[in-house]
Amino acid sequence: MGTSKRYAAAVDRQMDRRILSRTIAEAGPLQTLTAEELRLDTQPVTIDPRPKPGRAWLRFGSTPVLVDVEVCRWTVDACAVRFRVDDKEYRTWVWASAVLAPDRA
């Protein structure tokens, strides 16, 4: 029996959401950069009225996960990202190098 090519992307997205939900529940809290790392009091911050899609490496406890996100703010070194899972919005700051274009793995 073959697989459905027509629905493969939708099934993959659904599995990714389930894996992310399970990671959030089991791996620990979403990690973020500290105030000392961000230096928001000395670094200019760009706030985008239309957040850009991207993919970001996030950590839940000590578990890294590549997540589809929206990039909402940034400094020269860091990006503020947000994403939704199971009707809950999550926000965190990550290093700019942890954020990829949406079409990159």
Side-chain angles (χ1 to χ4, degrees):
M1 184 185 262
T3 60
S4 171
K5 293 178 183 173
R6 183 177 195 181
Y7 300 110
V11 171
D12 286 347
R13 282 192 303 274
Q14 185 178 26
M15 287 303 300
D16 288 346
R17 283 192 296 271
R18 286 181 182 169
I19 291 167
L20 183 56
S21 292
R22 187 172 186 169
T23 301
I24 290 169
E26 296 175 359
L30 177 61
Q31 303 297 305
T32 191
L33 298 177
T34 66
E36 293 82 19
E37 292 168 324
L38 288 172
R39 300 177 294 145
L40 295 178
D41 54 344
T42 61
Q43 294 289 317
V45 178
T46 301
I47 301 172
D48 196 334
R50 293 187 205 142
K52 307 292 185 260
R55 300 196 66 170
W57 283 104
L58 308 178
R59 286 195 182 275
F60 293 89
S62 63
T63 305
V65 182
L66 187 59
V67 179
D68 291 322
V69 298
E70 289 183 323
V71 180
C72 307
R73 303 170 186 231
W74 59 85
T75 69
V76 76
D77 298 319
C79 295
V81 299
R82 69 182 180 200
F83 62 99
R84 296 190 72 80
V85 176
D86 299 332
D87 296 327
K88 183 175 179 184
E89 184 175 83
Y90 294 85
R91 294 174 178 248
T92 191
W93 282 90
V94 296
W95 294 116
S97 61
V99 179
L100 307 169
D103 57 346
R104 293 192 53 207

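Just so you know, these numbers come straight off a predicted model, no measurement behind them.
Counting side-chain heavy-atom gaps under 4.5 Å among Ile, Leu, Val, Met, Phe, Trp and Tyr, the cluster of Val45 also holds Leu33, Leu38, Leu40, Ile47, Trp93, Trp95.
Residues that satisfy the side chain to side chain donor-acceptor pair (under 3.5 Å) test with Thr75, not counting sequence neighbours, are absent from this structure. Applying the side chain to side chain contact (heavy atoms under 4.5 Å, CB included) rule to Ala27 yields the partners Thr23, Phe60, Thr63; only residues at least two apart in sequence or on another chain are considered. Residues passing the side chain to side chain donor-acceptor pair (under 3.5 Å) test with Arg84: none are found, sequence neighbours excluded. Pro53 meets the side chain to side chain contact (heavy atoms under 4.5 Å, CB included) test with Pro102; sequence neighbours excluded. Considering only residues two or more places apart in sequence or on other chains, Arg82 meets the side chain to side chain contact (heavy atoms under 4.5 Å, CB included) condition with Pro51, Glu70, Cys72, Glu89, Arg91. Checked against ring-ring contact (aromatic ring centres under 6.0 Å, His included), Phe83 has the following partners two or more places apart in sequence or in another chain: Tyr90. With sequence neighbours excluded, the residues satisfying side chain to side chain donor-acceptor pair (under 3.5 Å) with Arg22 are Glu26. By the side chain to side chain donor-acceptor pair (under 3.5 Å) test, Thr92 pairs with Thr32, sequence neighbours left out.
Annotation: side chain of Leu66 is in contact with side chain of Leu100 (closest heavy-atom distance under 4.5 Å). Side-chain contact check for Val67 versus Val81: every heavy-atom pair is 4.5 Å or farther apart.
Residue pairs meeting the salt bridge (charged side-chain N to carboxylate O under 4.0 Å, His left out) criterion with at least one partner in residues 33-45, sequence neighbours excluded, are Arg39-Asp77.
The distance from atom CZ of Arg59 to atom CG of Leu30, rounded to the nearest 0.5 Å, is 11.5 Å.
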